[in-house]
Protein chains: 2
Amino acid sequence: MTKLVDAKTQASWFSRVREAHQSETAEDYVELIADLIAVQQEARLSDIAQRLGVRHASASKVLARLAAEGYVESLPYRSIFLTEKGAALAARCKARHKIVLEFLIRLGVSPETAEYDAEGIEHHISAETLAIFKRFRG
Amino acid sequence: MTKLVDAKTQASWFSRVREAHQSETAEDYVELIADLIAVQQEARLSDIAQRLGVRHASASKVLARLAAEGYVESLPYRSIFLTEKGAALAARCKARHKIVLEFLIRLGVSPETAEYDAEGIEHHISAETLAIFKRFRG
DNA sequence: TATAATTTTTAGCCTAGGCTAAAATTTTAG
DNA sequence: CTAAAATTTTAGCCTAGGCTAAAAATTATA
Ligand SMILES: [Mn+2]
Ligand SMILES: [Mn+2]
Ligand SMILES: [Mn+2]
Ligand SMILES: [Mn+2]
């Protein structure tokens, strides 16, 4: 290492990562809720929590925030629904997740490992990189 | 979507992402400190904070944690040094960061975008995927 | 239908990492 | 050498998202 990049430029990289982390929970929740509704006809808190690997009290608190922010709706003690806003986000995230996962597999990563990596990577992929991932063939 | 993966399996993906996020701050700090020492002979709190895009008070608090965890050392009001443990982590992270960045550029991502994406992606790349990134040619 | 089991909510606690404001210390200039 | 400027530390506040424990509501069973 002989020279450092401009400080503001470098700061903008880290800032973008922090922004991505702020959206990440909402993204993972709505994507999961959409899948649960698609397959099981409903998204119950207990299933959401179990699949996220957190306690139901934690999931309940996050869902309260997502409801306040207009991503989900529910009646007390009933299952969770996506708003239009939530469904749109879920669709985008699901498409992005699939592109990242399939890219890794085409690259030669084992499907098991690809699942682990994709779950984190998906939130840090720019539109430019995503387009390249999408096009990529072996 | 017609079927969901096993719940425990899916939960393990999310758990791994949460684990990665717990190490992320330490990784970015030690890598940056190593670079500052390499280029400017010392890592000052004000430079660290500026390059991370956070206030110096925030960086100071994080550095106190990293010192408690044995990654860095410093005397009050003096510059920051890496312990052996911190330097080893920095070296690993720097190598990984470079592999991810250069992979993205070889893939065809513009260097500017690649910098943004690499800063987040690097923390979510398994050893298996990293090895594949390293080997990849155009 | 009453009771037991399950599910969801709520309360309260914790840590990480943002922030501002102000105090303490070091460094620079006059 | 002293006063001003810059840097670092500290205090106190905030939000997100983990946790446990317990209360409340729903659902299943006897
Ligand atoms: Mn994810
Ligand atoms: Mn990073
Ligand atoms: Mn890095
Ligand atoms: Mn991340």
Side-chain angles (χ1 to χ4, degrees), chain A residues 7 11-33 36 40-81 119-120 123, chain B residues 7 11-33 36 40-81 119-120 123:
Chain A
S12 76
W13 303 338
F14 287 114
S15 296
R16 173 177 295 194
V17 175
R18 287 192 296 270
E19 279 168 32
H21 286 159
Q22 283 214 289
S23 334
E24 174 157 351
T25 304
E27 293 174 354
D28 287 332
Y29 271 69
V30 298
E31 188 185 342
L32 173 58
I33 291 166
L36 285 166
Q40 307 188 337
Q41 285 72 54
E42 62 172 0
R44 309 290 320 204
L45 169 69
S46 56
D47 292 324
I48 294 168
Q50 204 187 339
R51 286 182 176 276
L52 283 160
V54 299
R55 293 300 187 162
H56 52 264
S58 305
S60 184
K61 198 188 283 189
V62 170
L63 287 167
R65 173 174 72 79
L66 298 186
E69 292 176 357
Y71 293 105
V72 305
E73 285 173 332
S74 66
L75 296 170
Y77 295 95
R78 292 267 114 92
S79 66
I80 315 295
F81 297 91
E119 196 57 71
H123 309 281
Chain B
S12 75
W13 303 337
F14 287 113
S15 295
R16 174 178 295 194
V17 175
R18 286 193 297 270
E19 279 168 32
H21 285 161
Q22 283 214 293
S23 333
E24 176 158 348
T25 303
E27 292 174 355
D28 286 332
Y29 271 69
V30 298
E31 188 186 342
L32 174 57
I33 291 165
L36 285 167
Q40 307 187 337
Q41 285 71 54
E42 63 174 357
R44 308 291 317 204
L45 169 68
S46 56
D47 293 323
I48 294 168
Q50 204 188 338
R51 286 183 175 275
L52 282 159
V54 299
R55 294 298 187 164
H56 52 264
S58 305
S60 184
K61 199 191 280 191
V62 170
L63 287 167
R65 174 175 74 78
L66 298 186
E69 292 176 358
Y71 293 104
V72 305
E73 284 174 333
S74 67
L75 295 171
Y77 295 93
R78 291 267 115 92
S79 66
I80 316 294
F81 297 92
E119 197 57 73
H123 309 280

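Just so we're on the same page: letters track the sequence lines, and every chain starts at 1.
In this structure, A:L63 and A:I33 have side chains that are in contact, with non-hydrogen atoms separated by less than 4.5 Å. Under the 4.5 Å side-chain criterion, counting only non-hydrogen atoms from C-beta, A:Y29 is in contact with A:L52. Side chains of A:H123 and A:D28 form a contact here, defined as non-hydrogen atoms less than 4.5 Å apart.
At the phosphate of C:dT26, neither OP1 nor OP2 sits under 4.0 Å from any side-chain N or O atom of B:R78. Contact annotation: B:S60 side-chain N/O to D:dT10 OP1/OP2 distance is not under 4.0 Å.
Residue A:R44 contributes atom CZ, which lies 13 Å from atom C1' of C:dT9 at whole-angstrom precision. Between the P atom of C:dT8 and the CG atom of A:L52 lies a distance of 14 Å, rounded to the nearest Å. In this structure, B:L63 places its CG atom 16 Å from P of D:dT7, rounding to the nearest Å. Summarising the geometry, the separation between CD on A:Q50 and C1' on C:dT7 is reported as 12 Å, rounded to the nearest angstrom. What separates NE2 of B:H56 from P of D:dA6 is a distance of 13 Å, to the nearest Å.
As judged by a 4.0 angstrom heavy-atom cut-off over every strand, B:A64 is placed among residues making no nucleic acid contact.
Between the NE2 atom in A:H21 and the CD atom in A:E27 there is a gap of 10.5 Å [rounded to 0.5 Å].
Minimum interatomic distance between B:I48 and B:A43 (heavy atoms only, all atoms of both residues): CD1-CB, 4.2 Å.
For the pair A:R18 (side chain) and B:G53 (backbone), a donor-acceptor distance under 3.5 Å is present.
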N/O-N/O pairs, protein side and nucleotides 16-18 of chain D side, under 3.5 Å:
residue	atom	partner	partner atom	Å
D:dG17	OP1	A:T25	OG1	2.4
D:dG17	OP1	A:R65	NH2	3.2
D:dG17	OP2	A:R65	NE	2.7
D:dG17	OP2	A:R65	NH2	2.7
D:dG18	O6	A:K61	NZ	2.4

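Residue B:Y77 has its side chain nearest to C:dT26 when only C:dT26, D:dA21, D:dA11 are considered. Closest to the side chain of A:L45, from the set D:dT9, D:dA21, C:dT8, is C:dT8.
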